[in-house]
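Comments concern the structure below.
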Amino acid sequence: MTAHVRKLLFATNNAHKLAEVQAVLGPDFELTTPRDCGVTEEIPETCDTLEGNAAQKAHYLHDRIGMDCFADDTGLEVAALGGAPGVHSARYATEGHDFAANNRLLLRNLEGVADRRARFRTVIALLLNGQEYRFEGIVEGHIIDHEIGHEGFGYDPLFIPDGFDKTFAQMTAAEKNAVSHRGRAVRKLADFLLKTASLL
Ligand code: IMP
């Protein structure tokens, strides 16, 4: 028997992220965005942890729209930089979500640094029937010393996940999703939603 498609609101207007997450969730779920629901302002994320920001974004949207929804927050945590840029990954170099400037600053801050270990960490907060749930995904890897590849977004051209010899920006979306922080967190979310039989 085919379950009906469940509509879920995902707190992003980033087309790359939307496509990645929709691909991982598969056809049982149809994602809607804040913009689809008439929310065009930037959703506040003013907390100093990924967990806090994910929850803040999910609650903000739930208050505005009243639908079950989830939000994610991701950080690149670099060992030699004490976990920076972390929760500040989007605005590392400037206020403007400037991926190229962020990458340049990261390379500058790692100049001459031998320890290149880094990880991406994603936290998802889900609000479902008035309850909040959290899911986490981590991928370990390292930062190289120049950009390689044109796929993906953000720090992808600088990050090689453990077990690979190419950057996220050299991978297809399917290859990246199979090992990425967000892929892992979203698969946990999907497993949870599919197991919660009453939802479908
Ligand atoms: P967000 O919380 O998902 O918006 O991520 C914050 C920032 O982390 C983004 O602006 C990117 O700079 C970076 N980031 C998040 N996910 C990825 C990814 O999958 N690859 C590369 N950079 C990412």
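For clarity, every value in this text was computed on a predicted model and none was experimentally measured. All heavy atoms count here, side chains included; hydrogens, waters and symmetry mates do not. Counting starts at 1 for both ligands and their atoms, following the listed order.
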Heavy atom of the protein closest to atom 14 (N) of ligand 1 (residue, atom name, distance):
F153 CE1, 4.0 Å
Suppose I only count heavy atoms of K176 and a 4.0 Å limit; which atoms of ligand 1 are within that range?
18 (C), 19 (O), 20 (N)
Close-contact set for ligand 1 against D73 heavy atoms, below 4.0 Å
2 (O)
Any heavy atom of H97 sitting closer than 4.0 Å to ligand 1?
no
Given the options L76, D98, L105, Y92 meets side-chain contact (heavy atoms from CB on, under 4.5 Å) only with L105
Hey, is E45 one of the residues with a heavy atom under 4.0 angstrom from ligand 1?
no
In the protein, which heavy atom is nearest to atom 8 (O) of ligand 1, and how far is it?
S89 CB, 3.4 Å
So for R182 against ligand 1, with non-hydrogen atoms under 4.0 Å, the contacting part is side chain
Are K17 and D72 close enough for a salt bridge, meaning some N to O gap below 4.0 Å?
yes
Does any pair with a residue in residues 160-170 pass salt bridge (charged side-chain N to carboxylate O under 4.0 Å, His left out), and if so which ones, sequence neighbours excluded?
K166-E175
Considering only the protein, which heavy-atom contact is closest to atom 12 (O) of ligand 1, and what is its distance?
Y155 CE1, 3.3 Å
So is K176 actually on top of F168's ring, under 6.0 Å and inside 45° of the axis?
yes
Just need the protein heavy atom nearest to atom 11 (C) of ligand 1, so name the residue and atom and give the distance.
F99 CE2, 4.0 Å
Do the side chains of R134 and E51 get close enough for a salt bridge, i.e. N-O under 4.0 angstrom?
no
Validation: residues 34-41 side-chain donor-acceptor distances under 3.5 Å, sequence neighbours left out:
| unit_1 | atom_1 | unit_2 | atom_2 | d |
| --- | --- | --- | --- | --- |
| D36 | OD1 | T33 | OG1 | 3.4 |
| D36 | OD2 | T33 | N | 3.0 |
| D36 | OD2 | T33 | OG1 | 3.2 |
| E41 | OE1 | R64 | NH2 | 3.2 |
| E41 | OE2 | Y60 | OH | 2.5 |
| E41 | OE2 | R64 | NE | 3.0 |
| E41 | OE2 | R64 | NH2 | 3.0 |

Distance only, no hydrogens: is a donor on one side chain within 3.5 Å (strictly under) of an acceptor on the other, for E136 and T122?
no
Only heavy atoms of H181, strictly under 4.0 Å: list the atoms of ligand 1 that pass.
16 (N), 17 (C), 18 (C), 19 (O)
Mark up the atoms of ligand 1 that fall under 4.0 Å of a heavy atom belonging to K17, in ascending order.
1 (P), 3 (O), 4 (O)
Would you call F159 a ligand 1 contact, heavy-atom distance under 4.0 Å?
no
L76 touching ligand 1 at heavy-atom level, < 4.0 angstrom:
no
Electrostatic pair R6-D28, nearest N-O below 4.0 angstrom:
no
Please tell me whether E132 and H59 have a donor and an acceptor in their side chains that are separated by less than 3.5 angstrom.
yes
Among non-hydrogen protein atoms, atom 20 (N) of ligand 1 lies closest to D156 OD1, 2.6 Å
Distance from atom 5 (O) of ligand 1 to nearest protein heavy atom, with residue and atom
T74 O, 3.5 Å
Any non-hydrogen atom of F168 lying under 4.0 Å from ligand 1?
no
Under 3.5 Å donor-acceptor, N13 side chain and A15 backbone:
no
